[in-house]
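First the proteins, then the strands, lettered A, B, ... as listed; each starts at 1. The structure presented is a predicted model; accordingly, all values stated were derived computationally and were not measured.
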Amino acid sequence: MNKNSKPESTLLRRSTLAIGLAFAVAGCAGPGGHPKDPLEPMNRATFQFNEKADKYVMRPVAEVYDQAPLPLKTGVANFFGNIADVWIGVNNLLQGKFVDGLSDGGRFLLNSTVGLLGVFDVASEIGLEKHDEDLGQTLGYWGVGDGPYLVLPLLGPSNVRDGVSLIGDFHFDPLMQLEDVGARNSLTGLRFVSKRAALLGADTAAEEAALDKYGYMRSFYMQYRRNQIFDGQPPREKDPDEDDSSDSDNDKAATDANAAGGAADKSPSPDKKESQ
Amino acid sequence: MKRFTSLFAALVLGLGIQFSAAANTVAPDALVKSVSDDVISIVRQDKAIQSGDTRKAVSLVETKVLPYFDFAHMTRLAVGKDWKQASADQKGTLTQEFKTLLVRTYSNALTKYRDQQIDFEPLKAKPEDTDVIVRTKVRQAGAKAVQIDYNLEKQGDNWKVYDVLVAGVSLVTNYRDEFGQEVRAGGIDGLIKSLKDKNKQIDPAVAAKK
């Protein structure tokens, strides 16, 4: 046994095994689960881990950061927003949105100079609106399906398409181009804290609103990404109940009731109640 | 005459606002704007709400905002296809509990309001439309504007909100998966029980008041 000589391949084999196992477990999830979430047991485990990490590490750090004066926090958010505009612009170009892409380039030039390295968002003040794009959205724009829902460690809700796209986003992230490891890590950390601090408040709302926070966040992410891909104007999704809300077609109602009854005998993920 | 009767009813119920709008139809975007302006100007001056007095925020929402919302419609959308299984009684209870949940959650959010500014986008609707979307953007320093869209439906002479989307996420249909899960596990009554438990858990004092 030469375990020590090939650590990578062992690691690879182990992770392949883990993923394979996750898929196998997912296969047993039964018909009660969400159709877009075949990996629910694994995702719930990651979700629990993230909740703990957030509760004990990320949120407390963000709360301390939040005590900083608003102009400072705004400057920090603007600085990171500015360097992000480059990749946002590239993705707009990749989606064929040339006007938006040029506008993003204009924003970057203006804010980097007149806006003092992006600390002041002067471009927004003169009407060059900030956009929000990434590689996952670009792929979605061109019709790449999102694939199964995926909760990423520390990064949270995602899906297979967006998760894989993050590798690209990461690779072209301006901060990752920094040679100085110390500077790169501190800036990446600061950016993370700044983003987390911006969500203080919204996170408690989600906590209060949800019966099952996992399911709430899953639904939220799916709608949120769809909205981003359609740049804020998604076609209204057909409501299954809306077409027949007049209660005229009783046949359909009966079928629905049967379908619901049939799914009831496989109770999905019994552990969901213990999420607190 | 009709107007006089409404006025009388308003006095009796102490809900003047609900009926003053009924007298003459207000355009949906104007309605959303006047209600938000109203609420924001109150929150700006109310130190108690700003410092997190949820009960005060709830009562503000109940008097100023609720009359313009159609909670029966919202609950039907949130429950989705299982709505048909529910009896009239269950529908009533579901609506009441869902309303309590939403009001509580978003009244709490109101206590976090600081200096955001709301921009209204021009309404894209024809005069004969009975279902419109009022699009707004909430701007705040140092962050990307948050898109908030209101879906309104015309009922008689009045417009009622039946869905609110924050950053494209419907605060109503976002519940559909969770509710479906509850119904599959414990039927409509199971869902009602979960909602009641949840409402008690968030704030017992306010839940008891209802």
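For a residue to count as touching a neighbouring chain, one of its non-hydrogen atoms must lie under 4.5 Å from one of that chain's; by this rule A:Gln228 does not touch chain B. Only the side chain of A:Thr204 has a heavy atom closer than 4.5 Å to any heavy atom of chain B. Residue contact with chain B, scored on non-hydrogen atoms closer than 4.5 Å, is absent for A:Ala202. With a 4.5 Å cut-off on non-hydrogen atoms, A:Arg218 touches chain B through its side chain but not through its backbone. With a threshold of 4.5 angstrom between heavy atoms, B:Thr111 does not approach chain A through any atom at all.
By the 4.5 Å heavy-atom criterion applied to side chains, B:Arg176 and A:Ser219 are not counted as neighbours. Within the 4.5 Å cutoff, the side chain of B:Val169 has no heavy atoms near those of the A:Asn227 side chain.
Side chain of B:Tyr175 to main chain of A:Ala209: a donor-acceptor pair is present (N/O by atom type, distance under 3.5 Å, no hydrogens or angles). Panel note: side chain A:Gln223, backbone B:Ser170; a donor-acceptor pair is recorded below 3.5 Å. The closest donor-acceptor contact from the side chain of B:Glu178 to the backbone of A:Gly215 lies at 3.5 Å or more, if one exists at all.
Counting heavy atoms of neighbouring residues, nucleotides and ligands inside a 6.0 Å radius, atom NZ of B:Lys154 exceeds 12 of them. Heavy-atom contacts from other residues, nucleotides or ligands closer than 6.0 Å to CZ of A:Phe108 number more than 12.
Heavy atoms only, all atoms of each residue included: A:Tyr216 and B:Leu171 are closest at OH-CD2, 4.5 Å. Across all non-hydrogen atoms, the minimal contact from B:Asn174 to A:Phe220 is OD1-N, 2.9 Å.
The CG atom of B:Asp177 sits 10.5 Å away from the OH atom of A:Tyr214 when rounded to the nearest 0.5 Å.
For the set A:Gln233, A:Arg225, A:Lys130, A:Glu129, the entry with the most heavy-atom pairs within less than 4.5 Å of chain B is A:Gln233. Counting heavy-atom pairs closer than 4.5 Å to chain B, the top residue among A:Met222, A:Glu208, A:His131 is A:Glu208.
With sequence neighbours excluded, no residue forms a ring pair (Phe, Tyr, Trp, His ring centres under 6.0 Å) with A:Tyr149.
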